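Below is one structure, written out as C-alpha cells, with a few remarks after it.
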Protein chains: 2
Amino acid sequence: MNEAVVLTPERILEATEDVLRRYGLTKATVVDVARALDVSHGSVYRHFPSKASLRDAVAKRWLDRANEPLCKIAAGSGPAPERLEKWLRTAFSIKQKKVCDDPEMFATYLALAQGAREVVEAYKDKQVDLIAKILSDGVAQGVFEMDDVKATARAVFDATVRYHHPAHAEEWAKPECPSRIDALIALLLRGVRVCKH
Amino acid sequence: MNEAVVLTPERILEATEDVLRRYGLTKATVVDVARALDVSHGSVYRHFPSKASLRDAVAKRWLDRANEPLCKIAAGSGPAPERLEKWLRTAFSIKQKKVCDDPEMFATYLALAQGAREVVEAYKDKQVDLIAKILSDGVAQGVFEMDDVKATARAVFDATVRYHHPAHAEEWAKPECPSRIDALIALLLRGVRVCKH
DNA sequence: TCGCTGACAGATTTCAATATCTGTCAGACA
DNA sequence: TGTCTGACAGATATTGAAATCTGTCAGCGA
C-alpha cells in the first residue's frame with residue numbers, strides 16, 4: 001500500500017480547500033473533492049459525516065492559520081496599550097489581506113459567518129479571550145482600568161465589527177477607512193486607559 | 001376632475017410602501033404599484049424616472065420617520081452623557097422594533113444598505129452629525145473632551161454598527177445582547193468623558 | 001477484517017422555454 | 001396643453017423537466 005495515496009482527513013481538507021478556492025463555495029461539490037483526490041465521493045463520507053462538517057473543518061483550519069499572529073501578540077509582553085493597538089491593526093490587516101488574496105475562501109467565510117456557524121462562534125470567542133488577555137495585562141501594569149475585563153473585551157470586539165466582520169468588507173477599501181480606524185482605536189484606547197492627571 | 005384621485009408622488013409613495021410591505025422587495029413590481037393605484041404603470045414613470053428611484057424615495061421617507069426621535073434627542077438640552085446614552089439606546093431600539101414590526105420594509109432597507117445606496121449614505125451622515133451635536137454640547141459643558149468632534153462622532157457611529165446595521169439584525173434578539181450593549185456604551189462614554197480626579 | 005466502490009433514493013441545481021417586468025413613447029382623451 | 005394609456009423591445013424572472021448532488025449502504029477486493 002503506497003503511503004502517499006492513503007486517504008487521510010488532512011489530504012481531504014487540502015483538496016477541499018483547493019476545490020473551494022477554484023470553484024467557490026456555491027459551486028464546489030463533494031464529488032469535485034473526490035475527483036480531485038481520485039477516489040469515489042463515498043470515501044470522503046468515511047472521514048467527514050457531511051458536506052457541512054467538511055466545509056466547517058476547512059474554515060477552522062483557515063481561521064486558525066489567520067489567528068496565529070494575533071495569538072502571538074496577545075501572548076507577548078510589553079506595554080498593553082501598544083499591544084492592544086497592534087492587535088487590532090493586525091486583526092484588520094489580516095482580514096483585509098485575505099479579502100484581496102483569497103476572495104473565494106473569504107466568500108466561504110462570509111457565508112459561514114452569516115449562517116452563524118459554530119466554528120465562527122468559537123473563533124470569535126477565542127478573539128475575545130485574546131483581547132481580554134491584553135486588557136488584564138494592562139490592568140496589571142496599571143495603565144488600564146475597567147469594571148469587568150471580559151465584558152470590556154467583548155465591547156472592544158463589538159466596537160470593531162465594522163473592520164473584521166466580512167459583511168462590511170466592501171467598506172475596507174475606501175480611502176477614508178484608515179483615518180476612521182485611527183479615530184476608532186483612539187476612542188477605544190481612551191475608554192480603557194486609566195485617567196491621566 | 002376628482003381631487004382625491006389625482007396621481008401625486010405622495011400617493012405613489014404611499015402605495016409603493018404598501019406594496020413593498022405586502023410583497024417584499026424582491027417580489028414587488030412597478031406593475032403592482034400601478035395596479036394598487038388603478039393606473040397604468042407608464043403613469044408611475046411620469047413621477048419617478050425608475051424603479052430604483054421609487055424604491056429609494058420610499059426608503060428615504062421610512063428612514064426620515066425613523067430618524068425623527070433621534071433628531072429630538074440631539075437637538076434637546078441637558079447633560080451630554082445622558083443624552084448620548086439615550087440617543088444610542090433609542091437608535092438601537094428603533095431598529096430592533098422595526099425589524100419585528102415591519103420585517104419586509106426592514107429587508108428592503110437591508111438590501112439598500114448592502115447596495116450602499118446614496119439614500120443610506122446620506123442617512124448615515126445625518127446620524128453622525130447628530131452624534132457630533134451631542135458630543136460638541138458635551139465639550140461645551142466641560143464633560144467631554146476630544147481632539148476632533150467629527151472624527152469621534154464617526155468613531156462612535158462605527159463602534160455601534162453591530163447594533164444598528166441591518167446585517168447584524170439576527171444578533172439583536174439574543175439574550176446576551178442587552179448586557180453587551182451596556183458594556184459597549186460604558187466603554188464609549190468612558191472614551192469621550194473628561195478624566196475624573 | 002477493513003477501506004473503498006458504485007448504485008441508489010431523495011433533495012437540490014441547472015437550463016431553456018415561457019411569462020413577466022422595466023422603461024419608452026406615440027397617440028388618445030379631457 | 002398636459003396627463004394618462006397601452007403597445008413595444010429588451011431585460012429579468014418563473015417554471016418544470018432533466019441533470020447533478022448528497023448521504024447511505026450492501027458488497028468487492030486486498
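Letters go in sequence order (proteins before strands), and every chain restarts at 1. Quantities reported herein were computed from a predicted structural model and do not represent experimental measurements.
Contact detail for A:T90 and A:K86: the closest heavy-atom pair is OG1-O, 2.6 Å.
Grouping the Ile, Leu, Val, Met, Phe, Trp and Tyr side chains by contacts below 4.5 angstrom, directly or via other members, places B:V149 with B:L188.
For A:R46, the listed nucleotide lying nearest its side chain is C:dG3; candidates were D:dT14, D:dT5, C:dG3.
Remark: of the listed residues B:E121, B:K126, B:Q127, B:Q127 is the sole one forming a side chain to side chain donor-acceptor pair (under 3.5 Å) with B:Y123.
If you measure from atom CG of A:L25 to atom P of C:dT12, you get 16 Å, rounded to the nearest angstrom. Put simply, CZ on A:R11 is 14 Å from C1' on C:dC4, counting in whole angstrom units. Nucleotide D:dC4 holds its P atom 5 Å from the CG atom of B:L7, rounded to whole Å. Here D:dC21 presents its P atom at 17 Å from CZ of A:R55, a figure rounded to the nearest Å. Atom pair B:K27:NZ and D:dT15:C1' shows a separation of 11 Å (rounding to whole Å applied).
Shown here are the ring pair (Phe, Tyr, Trp, His ring centres under 6.0 Å) partners of A:F48, two or more places apart in sequence or in another chain: there are none. The side chain to side chain contact (heavy atoms under 4.5 Å, CB included) test applied to A:E176 returns A:K174, A:R180, not counting sequence neighbours.
Although no hydrogens or angles enter the test, the distance criterion places no donor-acceptor pair under 3.5 Å between the side chain of A:E85 and the main chain of A:I185.
A sub-4.0 Å separation between OP1 or OP2 of C:dG3 and a side-chain N or O of A:H47 is absent. Between B:S43 and the phosphate of D:dC4, there is no side-chain N or O to OP1/OP2 separation shorter than 4.0 Å.
Mapped onto DNA chain C by nearest heavy atom, A:T26 and A:V39 fall at different nucleotides, with A:V39 at the one closer to the 5' end.
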For nucleotides 15-24 of chain C, tabulate all protein N/O to nucleotide N/O atom pairs closer than 3.5 Å, reporting atom names and distance.
{"unit_1": "C:dT22", "atom_1": "OP1", "unit_2": "B:V30", "atom_2": "N", "d": "3.1"}
{"unit_1": "C:dT22", "atom_1": "OP1", "unit_2": "B:K51", "atom_2": "NZ", "d": "3.1"}
{"unit_1": "C:dT22", "atom_1": "OP2", "unit_2": "B:V30", "atom_2": "N", "d": "3.0"}
{"unit_1": "C:dT22", "atom_1": "OP2", "unit_2": "B:V31", "atom_2": "N", "d": "3.4"}
{"unit_1": "C:dG23", "atom_1": "OP2", "unit_2": "B:Y45", "atom_2": "OH", "d": "3.0"}
{"unit_1": "C:dG23", "atom_1": "OP2", "unit_2": "B:K51", "atom_2": "N", "d": "2.6"}
{"unit_1": "C:dG23", "atom_1": "N7", "unit_2": "B:H41", "atom_2": "NE2", "d": "3.2"}
{"unit_1": "C:dG23", "atom_1": "O6", "unit_2": "B:H41", "atom_2": "NE2", "d": "3.0"}

